[in-house]
Amino acid sequence: MPVFQRDYPSSAEQPWSFIKVSDDIEGGMPHTRGRHIIIPAGLARFIGGVGDDSLPPHIVAILIHEQVHVLQ
């Protein structure tokens, strides 16, 4: 993700891992389990196939937020 690479270069080099789950899990909210970002199906459909340079800023913020939890 270019914005993450620019602002947090050493963290951005860490691998990203996504798991798509039903919207019923965890109230449909993104969260983390271990080294994975868990993405509800509704959000996955929204971001699927979209280049990260065209994602809305609030979606980028959510993904970065979850990746920070992975790095913790």
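Sequential numbering from 1 along the given sequence is applied to the chain's residues.
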key: Nearest heavy atoms of P15 and Q67, plus distance in Å   = O-NE2, 3.3 Å
note = The side-chain contact (heavy atoms from CB on, under 4.5 Å) partners of H36 (sequence neighbours excluded) come to S17, I19, I38
Nearest non-hydrogen partners of M29 and H31, listed with the distance = O-ND1, 2.9 Å
ask   = Quick one: CD1 on I39 to CZ on F18, what's the gap to the nearest 0.5 Å?
value = 5.5 Å
Identify each donor-acceptor pair in which a side-chain atom of residues 20-28 lies under 3.5 Å from a protein atom, sequence neighbours left out, and give them as a table.
residue: S22; atom: OG; partner: D24; partner atom: N; Å: 3.1
residue: D23; atom: OD1; partner: A41; partner atom: N; Å: 3.1
residue: D23; atom: OD1; partner: G42; partner atom: N; Å: 2.7
residue: D23; atom: OD2; partner: G42; partner atom: N; Å: 3.4
residue: E26; atom: OE2; partner: R33; partner atom: NH2; Å: 3.0

query = salt bridge (Lys or Arg N to Asp or Glu O under 4.0 Å): which pairs involve residues 62-72, sequence neighbours left out?
reply = none
inquiry  = Could you measure the distance from the CG atom of L63 to the NE2 atom of H58? Nearest 0.5 Å is fine.
reply    = 10.0 Å
query = Heavy-atom distance under 4.5 Å between the side chains of V70 and Q14, does that happen here?
reply = no
query = Which residues satisfy the side chain to side chain donor-acceptor pair (under 3.5 Å) test with H65, sequence neighbours excluded?
reply = H69
ask   = In Å, rounded to the nearest 0.5 Å, how long is the span from CD1 of I64 to CD1 of I37?
value = 10.0 Å
